[in-house]
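To find a chain, count down the sequence lines: A is the first, B the second, and so on, and within it residues start at 1. What you see is a predicted model, and the numbers here were worked out from it, not measured in a lab.
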Number of protein chains: 2
Amino acid sequence: MGVTASGRTRVLEAVRDAARFDAGPLDRRLGYWLRRAQLAVFRDFFATFESYDIRPAQYSILTVIESNPGLKQGVVGEALGIKRANFVAMIDELQGRGLVRRAPIPGDRRSHALVLTAEGARLTAELHAVSDRHEGKLIAAIGETAYRDLFAPLNALARLGEGER
Amino acid sequence: MGVTASGRTRVLEAVRDAARFDAGPLDRRLGYWLRRAQLAVFRDFFATFESYDIRPAQYSILTVIESNPGLKQGVVGEALGIKRANFVAMIDELQGRGLVRRAPIPGDRRSHALVLTAEGARLTAELHAVSDRHEGKLIAAIGETAYRDLFAPLNALARLGEGER
DNA sequence: CGACAATTGTTATGACATATAACAATCTGC
DNA sequence: GCAGATTGTTATATGTCATAACAATTGTCG
């Protein structure tokens, strides 16, 4: 417990030049930097999409429905890692804004098939362009090579706990 | 309304093999994969630290204080990107658990210097070992090379909006 | 010195995201 | 036809992030 012995002096030293900061073991903790990077990227997302009132999750939902029209609500949610209980309100809002429609599925009256409305399809196409601008800022920040090489490891990390299900 | 014209057929097709799923443009959206990866990594963090009742933010706070004893409360929070309003309750809890102490700073009765208690120092050392196990699982998932190469770009991304302050 | 501005910690509050439990309607398998 | 699974839904709790306002204290400057 060397800390206790020299505690007082070390405190005073640190207070004196509080400007200096040592991340310590933290700068080799992947989760920490993933979190910091994700927050910063989302902040840029919000800034870029400001005039559209679209959050990241909403953009991802619209994109998945666009690429997979008619998927059951639960499947879309699961694909995005969103619990179905939380997914309901999200679809409610997109439907309320006239972007998404819950269509009946012949043969299963429990489920809903999600499809984009005409307006939803138009907006989603526009959002892709906006998203490209956002992505461009990320590339500018880290370089094309690093950008390209990020996807594979992030993908692998995202599948971490997949065995346990 | 081109969507309406072919809408019905496409819906039925998609419903038929709902198992298939196309991420579409989403798999080239860095923010999406950052988020997914971060959530999965945090889930593993929670699993690994289960018996300690320690969240990622708490571990980061303890680590920063350990590496920089005596830093003012606001400085520690800012270093971790935590707004000082939100930081208060976090320190309250760590203090309540006897891990952190708010020490007076001579010459400034507004500020508090944060230091680990003996118990806090002991626990933090133990947490580093646990964190190493956690980190080992991440390395196992993506390989040492990819792991090592992740830090630089994540660091750069985390500094994205830094010019605007 | 004394008014005024800036800093620091704090409280209160709101918007979101995430998680679980319980329920009704519906479907499936036997 | 009945028991159990599936699907969407509601309700609820917790955690994270953000902003505004305030009191105490400190710094600035005429």
Problem set entry | Note, A:Leu157 side chain near B:Val41 side chain (heavy atom, < 4.5 Å) |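 Yes, close enough: below the 4.5 Å cut-off.
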Exercise. Can you find a heavy atom in the side chain of A:Tyr52 that is under 4.5 Å from one in the side chain of A:Leu123?
Worked result: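 In contact.
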Which nucleotide in the set [options] lies at the smallest distance from any side-chain heavy atom of [X]?
X        : options                : result
A:Asn86  : C:dA17, C:dT20, C:dT10 : C:dT20
A:Arg110 : D:dT6, C:dT10, D:dA11  : D:dT6
A:Asp108 : D:dC17, D:dG8, C:dT26  : C:dT26
A:Ala85  : C:dA17, D:dT7, D:dT9   : D:dT9

Any side-chain N or O of [X] under 4.0 Å from OP1/OP2 of [N]?
X        : N      : result
A:Arg109 : D:dT7  : no
B:Arg35  : C:dT18 : yes
A:Arg84  : C:dT20 : no

Within this structure, what is the [atom1]-to-[atom2] distance between [X] and [N], rounded to whole angstrom?
X        : N      : atom1 : atom2 : value
B:Phe87  : D:dT19 : CZ    : P     : 18 Å
A:Lys72  : D:dG8  : NZ    : C1'   : 11 Å
B:Lys83  : C:dA15 : NZ    : C1'   : 15 Å
B:Ile82  : D:dG15 : CD1   : P     : 15 Å
B:Leu80  : D:dG15 : CG    : P     : 19 Å
A:Ile91  : D:dT10 : CD1   : C1'   : 17 Å
B:Ile105 : C:dG9  : CD1   : C1'   : 12 Å
A:Met90  : C:dA15 : CE    : C1'   : 13 Å

Problem set entry | B:Asp92 vs A:Asp53, nearer the 5' end of DNA chain C by closest nucleotide |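 Counting from the 5' end, the first nearest nucleotide belongs to B:Asp92.
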Ignoring hydrogens and angles, state whether a donor on the side chain of [X] or [Y] is under 3.5 Å from an acceptor on the partner side chain.
X       : Y        : value
B:Asp44 : B:Thr48  : yes
A:Tyr32 : A:Arg36  : yes
A:Gln95 : A:Arg102 : yes

For this session: Specify the residue among A:Gln73 and B:Gly81 whose closest nucleotide of DNA chain D lies further upstream toward the 5′ end.
Result: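 It is A:Gln73, whose closest nucleotide lies nearer the 5' terminus.
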Exercise. Within the structure shown, what part of the strands sits under 4.0 Å from A:Leu39 by heavy-atom distance: base, sugar-phosphate, or nothing?
Worked result: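 It contacts sugar-phosphate atoms only.
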